[in-house]
Visitor: 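The structure under discussion is supplied below as structure tokens; questions concerning it will follow.
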Amino acid sequence: MSDLRISIPVRDYNLAATLTSGQAFRWQRRGESWEGVIYDRWVRLQQNAESLVAETAEPVTDWHWLTHYLQTDIDFKSIIRAFPQDEPMRASVAACRGLRLLRQDPWECLASFILSSTKQIVQIQQIVSALCKCFGYPVAVPNGHEFQYAFPTATQIAIASEAALRACKMGFRAPNLLATAKMVANGEIDLQALATQDCETARIGLVQLPGVGGKIANCVLLFAYGFQTAFPVDVWVRKALLRLYFPRRRPSPQRLLNFTRTYFGPNSGYAQQYLFHYMRTHTRPRRIKSVEKALRAQAK
DNA sequence: CACCAGGGTACCT
DNA sequence: AGGTACCATGGT
């Protein structure tokens with residue numbers, strides 16, 4: 001039996017936090033619901049009291065692709081039970097309880113994070129949107145709905161020109177995305193095979209790609225392959241770690257890395273995502289005009 | 001309007 | 001090993 005609609009019962013699920021926490025870049029809020037594209041399917045999601053309601057544009061018989069993406073079947077309580085019992089983690093979980101790590105397509109995740117370097121999340125969304133529109137296949141949408149596009153395949157990117165990619169406003173990231181797309185398209189790296197490897201081996205495979213260093217590799221390991229100990233450290237997480245756990249003296253990069261590997265336990269990747277989202281939503285850089293003005297005057 | 005953003009890399013001590 | 005300039009773009 002196939003249907004255009006499904007209701008997924010959930011507990012401890014925070015859809016808004018999950019979709020806005022900088023893991024995926026294709027979700028748009030429309031009133032009370034969220035619209036996006038997963039693989040080659042347009043999807044509209046809405047959270048109700050005890051369920052997520054999903055709508056598609058074409059009939060679906062097996063919804064596993066969706067529940068797997070949303071990670072609705074995991075044991076949430078056992079995840080946060082393994083977090084360190086300290087004040088920063090307690091505050092982070094209290095602020096966005098139910099935030100989940102998604103399980104995304106490796107290529108889309110990899111390509112998106114190559115485009116993420118020194119970009120704000122809003123801008124990454126804009127670049128990815130332009131990229132899909134320029135290079136991706138159109139997908140089925142409801143009658144009268146604006147056109148939507150699948151994330152372009154590695155081959156679709158690989159045969160593009162660097163100039164065409166730069167037209168999507170990705171700047172100096174264009175050659176990296178192009179070179180990586182070529183390596184994926186011609187089989188120089190097998191993204192599917194990484195799923196069968198252990199975390200460290202998969203990381204070695206990823207960082208050989210142009211434009212992929214430790215941080216981006218960890219994002220892909222965590223958001224696409226589900227390695228729960230991968231711990232991406234971006235500017236926000238670094239700020240959080242220094243402020244919350246090293247208020248006196250700043251540790252060397254190596255010591256900070258060791259700390260992230262030992263302190264946060266078997267679900268450290270999840271803990272990282274809660275810290276990231278907490279920092280971004282609760283410590284907005286509040287700028288005080290008079291102070292800025294004084295600083296500028298002082299600089300002269 | 002300066003400052004900064006889910007960084008990586010080459011090149012420098 | 002650890003620091004630094006540079007890359008391109010636009011949000012705040």
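Every chain is numbered from 1 and lettered A, B, ... according to where its sequence line falls, protein lines coming before strand lines. Just so we're clear, the structure is a prediction, and the values are computed from it rather than from any experiment.
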Visitor: Which value, in whole Å, describes the distance between the C1' atoms of nucleotides C/dT9 and B/dC1?
Guide: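 Between the two C1' atoms, the distance is 16 Å.
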
Visitor: So what does A/S21 hit on the nucleic acid, given a heavy-atom distance under 4.0 Å: a base, only sugar-phosphate, or nothing?
Guide: base

Visitor: Contact class for A/V212 vs. all strands (heavy atom < 4.0 Å): base, sugar-phosphate, or nothing?
Guide: sugar-phosphate

Visitor: Is A/F113 stacked on the base of B/dG6 when the test is centres under 5.5 angstrom and planes under 30 degrees?
Guide: no

Visitor: Which one, B/dG7, B/dG6, C/dG10, comes nearest to the side chain of A/K169?
Guide: C/dG10

Visitor: For atom C1', what is the distance between B/dC3 and C/dA8, given to the nearest Å?
Guide: 16 Å

Visitor: Checking A/E162 now: which residues fulfil side chain to side chain donor-acceptor pair (under 3.5 Å) with it, not counting sequence neighbours?
Guide: A/R166

Visitor: Expressed as a whole number of angstroms, how long is the span from A/F25:CZ to B/dG6:P?
Guide: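 Spelled out: CZ on A/F25 to P on B/dG6 is 9 Å.
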
Visitor: With C1' as the reference atom in both, quote the distance from C/dC6 to B/dC4 in angstrom, rounded to an integer.
Guide: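 The same atom, C1', in both gives a distance of 16 Å.
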
Visitor: Taking atom P of B/dA5 as reference, at what distance in whole Å does atom CZ of A/R173 sit?
Guide: 13 Å

Visitor: Measure the CZ-CZ distance between A/R243 and A/R250 for me, rounded to the nearest 0.5 Å.
Guide: 11.5 Å

Visitor: Whether A/Q126 contacts C/dG11 is assessed here as follows: a side-chain N or O lying under 4.0 Å from the phosphate OP1 or OP2. Is that the case?
Guide: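 Indeed, a polar side-chain atom of A/Q126 lies that close.
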
Visitor: Salt bridge check, A/R97 against A/D12: does any charged N sit closer than 4.0 Å to a carboxylate O?
Guide: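 Yes, A/D12 and A/R97 are salt-bridged.
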
Visitor: What is the distance from CD of A/Q123 to C1' of B/dC4, rounded to the nearest Å?
Guide: 10 Å

Visitor: Atom CZ of A/F172 to atom C1' of C/dC7: distance rounded to whole Å?
Guide: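 Checked: the CZ to C1' distance equals 5 Å.
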
Visitor: Round to the nearest Å and state the distance from A/R255 atom CZ to C/dA1 atom P.
Guide: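 Computing the A/R255:CZ to C/dA1:P distance gives 17 Å.
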
Visitor: Within the 4.0 Å heavy-atom criterion, would you say A/G22 contacts the bases, only the backbone, or no part of the nucleic acid?
Guide: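 Base, at least one base atom sits under 4.0 Å.
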
Visitor: Looking for any heavy atom pair under 4.0 Å, which part of the strands does A/S116 touch: base, sugar-phosphate only, or nothing?
Guide: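 Counting heavy atoms under 4.0 Å across all strands, the contact made by A/S116 is with sugar-phosphate only.
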
Visitor: Checking A/R41 now: which residues fulfil side chain to side chain donor-acceptor pair (under 3.5 Å) with it, not counting sequence neighbours?
Guide: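 So A/R41 forms no side chain to side chain donor-acceptor pair (under 3.5 Å) with any residue.
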
Visitor: Start at the 5' end of DNA chain C and walk down; is the nucleotide closest to A/V122 or to A/S252 reached first?
Guide: A/S252

Visitor: Just to confirm, is there a sub-4.0 Å distance from OP1 or OP2 of B/dA5 to any side-chain nitrogen or oxygen of A/K215?
Guide: no

Visitor: May I ask you to say what A/Q273 touches in the nucleic acid, namely base, sugar-phosphate or nothing, with a heavy-atom cut-off under 4.0 Å?
Guide: base

Visitor: Under a 3.5 Å limit for both distances, which nucleotide forms a Watson-Crick or G-U wobble pair with C/dG11, could you say?
Guide: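 Base-paired to B/dC3.
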
Visitor: May I have the distance from A/Q23 (atom CD) to B/dG6 (atom P), rounded to whole angstrom?
Guide: 14 Å

Visitor: Are there more than 12 heavy atoms of other residues, nucleotides or ligands under 6.0 Å from atom CD of A/E50?
Guide: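 Atom CD in A/E50 is not packed in, count stays at 12 or less.
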
Visitor: Nearest whole Å is fine: how far is B/dG6 C1' from A/R280 CZ?
Guide: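 Going from CZ in A/R280 over to C1' in B/dG6 covers 8 Å.
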
Visitor: Closest nucleotide of DNA chain C for A/P253 versus for A/G171: which of these residues is on the 5' side?
Guide: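 Here A/P253 is the residue nearer the 5' end.
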
Visitor: Distance alone, cut at 3.5 Å: any donor-acceptor contact between the side chains of A/R203 and A/N218?
Guide: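 Result is yes, a qualifying pair exists.
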
Visitor: Between C/dA8 atom C1' and A/L165 atom CG, what is the distance in whole Å?
Guide: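 It is 14 Å, rounded to the nearest whole Å.
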
